[in-house]
Protein chains: 2
Amino acid sequence: MAKHHSHQDCDVCPTRAQNPVCSVDGALSRVQDVRTTSRYSAGQVIFYAGNDPLGLFTVQTGLVKLEALSPEGDAHTLRLMGPGCILGYRALFASEPYRATAIAVEDSQLCFIPKTEMLKVFEEFPAVAMNLAKQLSVDLRRAEEKWVQQIDHQAPSRIAEALLFLTDHFSTQSWTRREIAEWAGTTPETVMRTLSTYEKQGLIALDGKSIRILSRPSLSEKAHRT
Amino acid sequence: MAKHHSHQDCDVCPTRAQNPVCSVDGALSRVQDVRTTSRYSAGQVIFYAGNDPLGLFTVQTGLVKLEALSPEGDAHTLRLMGPGCILGYRALFASEPYRATAIAVEDSQLCFIPKTEMLKVFEEFPAVAMNLAKQLSVDLRRAEEKWVQQIDHQAPSRIAEALLFLTDHFSTQSWTRREIAEWAGTTPETVMRTLSTYEKQGLIALDGKSIRILSRPSLSEKAHRT
DNA sequence: CGTGTTATTGAAGTGTATCAAATTGCGTGG
DNA sequence: CCACGCAATTTGATACACTTCAATAACACG
């Protein structure tokens with residue numbers, strides 16, 4: 001409900017440099033006056049699967065997840081986007097509706113650029129499109145890797161990998177068993193049992209809901225075994 | 001061994017129109033004199049995972065698979081490319097080594113354009129890069145869908161989906177149990193058992209190695225159930 | 001201070017991988 | 001052209017990892 005819209009100076013935007021759009025010479029000023037800032041509280045939806053793309057979002061602060069919901073109702077986390085990451089480019093390039101729902105994991109501030117403006121930017125600054133194509137290529141590699149891992153590695157292995165990935169990339173976040181399960185392609189119960197095992201083995205320390213990693217190497221070892 | 005290189009007129013190329021590169025005005029003539037044609041027999045490798053990208057391939061005739069090999073030695077088919085499809089763009093855009101090995105499924109003829117030339121083409125004809133970005137976007141959707149299906153759907157369901165997809169897109173090919181398994185993320189034995197069941201139910205007909213689909217609707221129904 | 005969510009562990013059920021063995025089919029070379 | 005060998009097919013038996021269901025405990029929240 002608390003969704004504020006406002007204009008704000010790109011000069012003070014902390015994500016300007018590492019952003020695939022704004023880091024391109026000239027593109028920033030082109031985009032400056034057509035953009036909007038929106039705030040979302042944790043749990044709020046940014047866009048829904050099935051809808052047509054509106055434009056491009058950039059995460060300025062906070063954390064956003066792309067989640068696919070199965071007909072039976074269980075969620076799967078496809079991608080996670082922190083500050084500097086773009087949101088909505090896949091649907092835009094493919095001219096397809098969104099295939100997943102974007103949800104704020106924690107309180108987040110996003111920057112929005114309408115679709116029609118973005119198409120103009122692509123024409124004026126091909127480097128922007130190239131940057132996004134590079135991002136798509138990395139996303140594709142990760143997605144295909146994830147499928148392969150889902151087949152080759154057992155749940156404990158995938159959970160170890162999830163722990164490493166999530167703490168590596170989003171260390172501030174305190175992840176719930178459910179969130180880890182939705183990322184690792186398993187259930188909260190299996191995550192729990194695995195965490196208990198890893199705790200007994202001294203790889204991690206559990207204190208209530210918080211998980212502290214004691215031995216990255218050993219966890220990494222688990223992640224790479226079947 | 002029987003790998004022939006030759007120059008050949010793009011005018012007679014059957015895949016020119018639906019090809020993301022050559023269909024762009026002007027790009028064809030730009031590419032015409034830097035391209036090469038290569039022939040591969042079924043089973044031959046076009047490039048290996050781990051190597052740096054050489055350039056872009058186009059499938060003119062035949063069928064090529066992108067396959068990831070697990071450390072334990074079992075293969076997974078990531079993507080399949082028929083006539084008109086491009087090969088090697090993900091690694092090129094990402095500036096990464098190939099993550100998968102490309103193998104000719106049947107005797108195939110490919111067109112090759114070196115990396116340095118492609119980069120020039122991207123600058124001269126941004127529409128080419130846009131077309132490939134669109135392709136990447138579709139690939140990404142499919143890859144993410146595949147991961148979700150791997151979790152949500154049981155083997156019989158995924159096999160039904162595989163049968164439909166493979167016959168839809170590559171109807172000429174006669175698929176082995178192993179190839180279906182590598183696409184569906186399961187084992188040849190499970191594919192076999194499932195095929196037997198589907199035959200008993202009258203959904204398909206098995207005659208030796210050949211599989212004939214008797215009821216697409218019923219198979220589709222199976223594919224969408226858990 | 002309840003109420004709903006998360007954590008935690010147990011017990012049961014089952015889908016599917018794995019191993020094994022027999023049969024069929026196919027390509028290759030003698 | 002046949003015979004051989006190797007790969008693909010087919011079916012059975014076994015094992016087990018993981019989901020599912022369930023029940024309690026700890027916690028966060030308005």
Side-chain angles (χ1 to χ4, degrees), chain A residues 1-2 41-43 70 72-76 103 105-107 148-160 162-163 173-200 204-212 222 225-226, chain B residues 1-2 41-44 70 72-76 105-107 148-160 162-163 173-200 204-212 222 225-226:
Chain A
M1 28 207 44
S41 320
S70 82
E72 301 82 47
D74 25 62
H76 308 291
I103 303 176
V105 177
E106 51 182 46
D107 294 359
V148 169
Q149 305 268 316
Q150 186 75 33
I151 301 169
D152 287 338
H153 293 330
Q154 322 234 93
S157 170
R158 301 199 307 271
I159 290 164
L163 286 175
Q173 188 68 13
S174 162
W175 300 96
T176 67
R177 321 303 195 227
R178 172 169 301 280
E179 284 167 334
I180 295 170
E182 288 171 359
W183 179 258
T186 180
T187 60
E189 291 95 328
T190 297
V191 169
M192 185 59 225
R193 285 181 235 274
T194 303
L195 290 180
S196 297
T197 305
Y198 286 166
E199 187 187 31
K200 282 196 197 73
I204 60 173
L206 296 178
D207 178 25
K209 323 199 142 190
S210 92
I211 305 165
R212 199 154 37 87
K222 299 270 184 189
R225 302 268 145 262
T226 150
Chain B
M1 31 211 50
S41 321
Q44 287 188 327
S70 83
E72 300 83 46
D74 25 62
H76 308 292
V105 177
E106 51 183 46
D107 293 359
V148 169
Q149 305 268 315
Q150 187 76 32
I151 301 168
D152 286 338
H153 292 335
Q154 322 233 95
S157 170
R158 302 199 308 272
I159 290 163
L163 286 175
Q173 187 68 12
S174 162
W175 300 96
T176 67
R177 321 301 194 230
R178 172 169 300 280
E179 284 168 334
I180 296 170
E182 286 172 0
W183 179 257
T186 180
T187 60
E189 292 95 326
T190 297
V191 169
M192 185 60 224
R193 284 181 234 274
T194 303
L195 290 180
S196 296
T197 305
Y198 287 166
E199 186 186 32
K200 283 198 197 71
I204 60 174
L206 295 179
D207 178 25
K209 322 199 143 190
S210 91
I211 304 165
R212 199 153 37 85
K222 298 270 184 192
R225 300 269 145 261
T226 154

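Residue numbering restarts at 1 for every chain, and letters A, B, ... go by the order of the sequence lines. Computed from heavy atoms alone, side chains included, the values below leave out hydrogens, waters and symmetry copies.
With hydrogens and angles ignored, the 3.5 Å screen pairs a side-chain donor or acceptor of E199(A) with a backbone N or O of L206(A). In this structure, the side chain of T186(B) does not engage the main chain of T190(B) through any donor-acceptor pair within 3.5 Å. For the pair E72(A) (side chain) and D152(B) (backbone), a donor-acceptor distance under 3.5 Å is absent. Of the possible donor and acceptor atoms, one in the side chain of R177(A) sits under 3.5 Å from a partner among the backbone N and O of K209(A).
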For nucleotides 22-27 of chain D, 5' to 3', base contacts (B), sugar-phosphate-only contacts (S) and non-contacts (-) with protein non-hydrogen atoms under 4.0 Å give ------
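Proximity of T186(A) to the phosphate of dT19(D): a side-chain N or O atom is located under 4.0 Å from OP1 or OP2. A close approach under 4.0 Å does occur between a side-chain nitrogen or oxygen of R177(B) and OP1 or OP2 of dT10(D).
The CZ-P distance, from R178(A) to dT20(D), rounds to 11 Å in whole Å. Computed from coordinates, the L195(B) CG to dT10(D) P distance equals 8 Å when rounded to whole Å. When rounded to the nearest whole Å, the span between CD1 of I211(B) and C1' of dT10(D) equals 13 Å. Rounded to an integer number of Å, the gap from CE of M192(A) to P of dA11(C) is 17 Å. Atom pair I159(B):CD1 and dG15(C):C1' shows a separation of 12 Å (rounding to whole Å applied). In this structure, E199(A) atom CD and dA7(C) atom P are separated by 14 Å, rounded to whole Å. Atom-to-atom, CG of D207(B) to P of dT9(D) comes out at 13 Å; the value is rounded to the nearest Å. Summarising the geometry, the separation between NZ on K200(B) and C1' on dT10(D) is reported as 11 Å, rounded to the nearest angstrom.
As judged by a 4.0 angstrom heavy-atom cut-off over every strand, P188(B) is placed among residues making no nucleic acid contact. When heavy atoms are screened at a 4.0 angstrom cut-off, T190(A) is found touching base atoms of the nucleic acid.
Candidate nucleotides dT9(C), dT9(D), dA17(C) were compared by shortest atom distance to the side chain of S196(A), and dT9(C) ranks first. Distances from the side chain of T187(A) to the nucleotides dT10(D), dT20(D), dA8(D) place dT20(D) closest. Proximity note for Q154(B) (side chain, C-beta onward) versus dT16(C), dA7(C), dT9(D): the nearest is dT16(C).
Atom OG1 in T194(A) sits 10.0 Å away from atom NZ in K222(A) (nearest 0.5 Å).
Of all non-hydrogen atoms in I180(B) and A162(B), the two that sit nearest each other are CG2-CB, 4.3 Å. Nearest heavy atom pair, residue R158(A) against residue A184(A), reads NE-O, 2.8 Å.
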